[in-house]
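Contents: one structure, followed by commentary.
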Amino acid sequence: MGIKDLLRFMKPHIEPIHIKKYAGKRVGIDAYSWLHKGAYSCSMELSLNMEGEKKLQYLNYFMHRINLLRHHKIIPVVVFDGGNIPCKAATENERHRRRKANRDLAMEKLKEGNFNAASELFQRAVSITPSTAHQLIQILRSENIEFVVSPYEADAQLAYLSSLEAEKGGVVAVISEDSDLLAYGCPAVVFKMDRYGSGEEIVQNKVFESASCVPSFQCFDKELFTGMCVLAGCDFLPSVPGIGITKAYSLVSKYRNLDRVLSVLKFEKRDQMPGDYSKLFREAVAVFQHARIYDADSKSLKHLKPLPEKLLQSLDEGLDFLGPEMPPSIAAAIAEGNLDPSTMEAFYHFPSSTTHLNPTTKNQTFDRFPRHEATAISTEECCFSVVSSHKVRKERTAVMGQKIVIEESKYSHEATELEKLVCPLNARSTDENETAIDKIHLKVPDNNPFRKRKLVEVELDQCENVTERVSEVTEVENSEILCVTPESQESVDSKPIIKRSDGKMRAKNEKLKRRNCQSSENKRSSILNFFSRV
DNA sequence: GCAAGGTCTAAAT
DNA sequence: TAGACCTTGC
């Protein structure tokens with residue numbers, strides 16, 4: 001992922017920072033990097049699409065970080081990945097293949113009764129689907145947090161936002177784990193932000209201006225830097241054998257012209273260099289410079305940087321390598337989170353009153369962007385529902401007679417059985433004939449754990465006496481509390497003080513913890529029993 | 001000295 | 001899985 005060895009190479013230019021330096025500013029967030037991290041804690045539940053609260057734990061993780069930013073008066077702008085661009089297909093296919101292999105293996109281990117091995121493999125198999133992301137979008141909406149779904153790469157969208165003024169929706173920095181952001185020319189990127197807000201920052205201007213740091217980039221500009229990144233190997237194009245980040249840097253700083261670097265490479269690497277490398281190299285550089293992004297102002301697709309006439313002429317096969325063009329209505333529907341960017345299907349959405357529901361219009365597939373329908377989706381006032389239950393998906397497929405969107409349906413039977421075993425009785429529907437719509441509708445009001453938490457925070461604020469430093473998450477009624485108090489900001493080592501009530505609550509928490517441990521153990525034995533029976 | 005490949009570890013709770 | 005670190009071979 002990202003540019004090979006770039007962060008290691010850039011180490012002298014990395015500065016440790018705390019996120020509070022961006023107080024009062026707008027900061028972009030690469031949603032998928034936090035979604036992936038959050039998904040580790042519930043990878044099996046996500047992979048098997050099991051019912052229950054645990055599956056939504058990744059939302060807790062994400063929102064904890066959002067709340068941390070908000071506590072420091074930072075305005076978060078969350079950016080999601082959209083569709084894949086053609087030149088990333090090889091990388092994506094490989095990732096998909098590996099995840100699938102891990103998931104198949106995990107299922108085998110589970111059937112063998114090897115719970116630990118299965119659990120580890122599920123962590124490797126975890127995949128963030130558009131519908132997983134859509135659950136988060138639903139919460140972001142209800143919490144009034146700005147978000148945008150990029151038409152293609154989130155990195156490109158973040159780079160675009162970084163180039164705008166705050167008044168026009170711009171951000172001053174981006175939080176991500178992906179070194180691609182540097183190749184896209186993001187002016188400031190914060191990597192490895194931890195749960196307390198500490199991270200490592202790279203500021204582009206400082207990189208280009210620093211005279212003392214080695215490697216020096218004083219003779220570089222944005223284009224040369226991007227060229228160096230592509231030469232070292234990126235998701236769009238592997239490097240020529242024998243070329244790593246150090247060689248790439250040497251070549252670019254020596255010749256200071258990407259065409260000249262290509263000529264030298266062609267001469268030096270003759271046999272090892274693929275015949276079409278020069279073409280693919282130019283395309284990869286063009287993706288980093290001119291990717292298609294969504295412009296919220298005009299509500300249409302734009303290029304990260306306008307395409308110069310010279311480049312347009314040199315690209316014989318058009319601009320499809322940047323991802324296909326799409327009409328503004330579709331781009332807007334994707335950006336606003338109403339249309340799945342990879343399947344072009346509308347997410348389930350309901351008007352404010354569910355009495356207007358018409359099941360026949362709930363799940364439209366938009367083949368090649370019918371403009372009028374997409375416009376209706378993008379502008380209609382709606383509240384999002386949850387597309388998460390495999391039961392719902394099964395029914396959805398059966399009712400609509402359309403393609404199965406969620407591939408993991410392969411395991412839906414096993415998941416259903418598992419779910420019966422591991423979910424508490426009161427968390428399951430007792431009415432087997434309950435319709436899919438009822439199930440979805442029932443989920444909507446309870447789906448935002450942060451609403452619940454707010455109530456608890458108020459209760460806690462009313463408790464006068466006890467403020468105590470604790471390092472673990474406090475749980476009340478199975479909902480995580482992480483209320484970072486104002487005074488915590490000044491605490492030692494920037495570690496937040498988590499405010500909680502007195503010993504009574506602590507006793508309750510410990511009881512809950514014991515119960516959770518017990519339920520985890522029960523869950524394990526239930527699964528093992530299930531597989532010993534089948 | 002460098003690229004490339006291997007191994008280890010943290011990521012979440 | 002991806003990054004960090006180490007070893008090997010050119």
Side-chain angles (χ1 to χ4, degrees), chain A residues 1-11 14 30 32-47 52-65 91-92 94-103 105-106 115-116 119-128 132 175-182 191-196 198-200 214-215 228 231-235 238-251 265 268-269 272-273 449 470-475 478-482 498 509 512-521 523-524:
Chain A
M1 198 177 103
I3 311 299
K4 201 169 176 300
D5 286 333
L6 182 63
L7 290 185
R8 187 184 52 77
F9 191 69
M10 299 294 290
K11 208 157 196 175
I14 293 176
D30 178 4
Y32 277 72
S33 63
W34 287 358
L35 279 170
H36 267 291
K37 284 189 179 181
Y40 282 110
S41 60
C42 50
S43 50
M44 185 158 81
E45 286 76 6
L46 279 173
S47 292
E53 293 272 311
K54 178 87 194 288
K55 196 180 79 176
L56 302 176
Q57 215 140 27
Y58 69 99
L59 299 172
N60 274 329
Y61 175 89
F62 200 103
M63 290 307 290
H64 171 261
R65 295 196 162 207
T91 307
E92 289 299 328
E94 176 57 19
R95 282 178 190 164
H96 179 79
R97 191 193 60 76
R98 280 204 298 254
R99 281 182 187 135
K100 190 177 175 302
N102 282 323
R103 197 178 50 198
L105 208 52
F115 187 80
N116 286 341
S119 184
E120 206 170 290
L121 286 159
F122 276 126
Q123 287 180 349
R124 295 179 195 182
V126 72
S127 140
I128 303 297
T132 318
I175 301 170
S176 177
E177 302 301 318
D178 193 346
S179 53
D180 275 348
L181 263 308
L182 300 174
F191 297 100
K192 299 174 189 168
M193 193 192 94
D194 65 18
R195 70 171 83 173
Y196 308 116
S198 300
E200 298 178 345
V214 177
M228 177 194 78
L231 282 172
C234 62
D235 286 348
S239 68
V240 172
I243 303 294
I245 188 71
T246 314
K247 282 264 172 69
Y249 168 80
S250 311
L251 285 166
L265 261 185
E268 284 183 359
K269 294 283 173 184
Q272 290 162 292
M273 195 164 145
V470 288
S471 57
E472 81 276 21
V473 170
T474 311
E475 290 174 315
N478 283 333
S479 84
E480 183 191 39
I481 303 172
L482 276 174
I498 298 171
N509 293 333
L512 274 164
K513 271 184 196 164
R514 279 200 301 276
R515 202 170 73 192
N516 285 343
C517 285
Q518 213 173 355
S519 94
S520 168
E521 197 45 48
K523 175 175 158 183
R524 184 175 178 275

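Protein chains get the first letters and strands the later ones, always in sequence-line order, with residue 1 at the start of each.
Note: NZ (A:Lys269) to C1' (C:dC10) measures 11 Å, nearest angstrom. Remark: P of B:dA11 and OH of A:Tyr61 are 9 Å apart, rounded to the nearest angstrom. Rounded to whole Å, atom C1' of B:dT13 lies 14 Å from atom CZ of A:Arg65. One can place CE of A:Met10 at 18 Å from C1' of C:dA4, the figure rounded to the nearest angstrom. Going from atom CG of A:Asp180 over to atom C1' of C:dA2 covers 13 Å, rounded to whole Å. The NZ atom of A:Lys55 sits 18 Å away from the P atom of B:dT13 (whole-angstrom rounding). Atoms OH (A:Tyr32) and C1' (C:dT1) sit 17 Å apart, rounded to a whole Å. One atom, NE2 of A:His36, and another, P of B:dT13, lie 16 Å apart when rounded to the nearest Å.
When the salt bridge (Lys or Arg N to Asp or Glu O under 4.0 Å) test is applied to A:Glu268, no partner is found at least two apart in sequence or on another chain. Every salt bridge (Lys or Arg N to Asp or Glu O under 4.0 Å) that A:Lys37 has, sequence neighbours left out, goes to A:Glu177. A:Arg65 meets the salt bridge (Lys or Arg N to Asp or Glu O under 4.0 Å) test with no other residue; sequence neighbours excluded. Listed by chain and number, the residues in a side chain to side chain donor-acceptor pair (under 3.5 Å) with A:Ser43 amount to none (sequence neighbours excluded).
For A:Glu200 and A:Tyr40, each mapped to the nucleotide of DNA chain C holding its nearest heavy atom, the one lying further toward the 5' end belongs to A:Tyr40. Positionally, the nearest nucleotide of DNA chain C for A:Gln123 lies more toward the 5' end than for the other of A:Gln123 and A:Lys192.
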Can you give me the N/O atom pairs linking the protein to nucleotides 1-4 of chain B at distances under 3.5 Å, or say none if there are none?
from  : atom 1 : to       : atom 2 : distance (Å)
B:dA3 : OP1    : A:Gly244 : N      : 3.1
B:dA3 : OP1    : A:Gly244 : O      : 3.4
B:dA3 : OP1    : A:Thr246 : N      : 3.3
B:dA3 : OP1    : A:Lys247 : N      : 2.8
B:dA3 : OP2    : A:Thr246 : OG1    : 3.1
B:dA3 : O3'    : A:Gly242 : N      : 3.3
B:dA4 : OP1    : A:Gly242 : N      : 2.3

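Distances from the side chain of A:Lys11 to the nucleotides C:dC5, B:dT13, C:dT1 place C:dC5 closest.
At least one side-chain heavy atom of A:Tyr58 sits under 4.5 Å from a side-chain heavy atom of A:Thr132.
With rounding to the nearest 0.5 Å, the separation of NZ in A:Lys55 from OG in A:Ser41 is 13.5 Å.
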Exercise answer: donor-acceptor pairs, residues 244-251 of chain A side-chain atoms, under 3.5 Å, sequence neighbours excluded:
from     : atom 1 : to       : atom 2 : distance (Å)
A:Tyr249 : OH     : A:Ser216 : N      : 3.2
A:Tyr249 : OH     : A:Ser216 : O      : 2.6
A:Ser250 : OG     : A:Thr246 : O      : 2.8

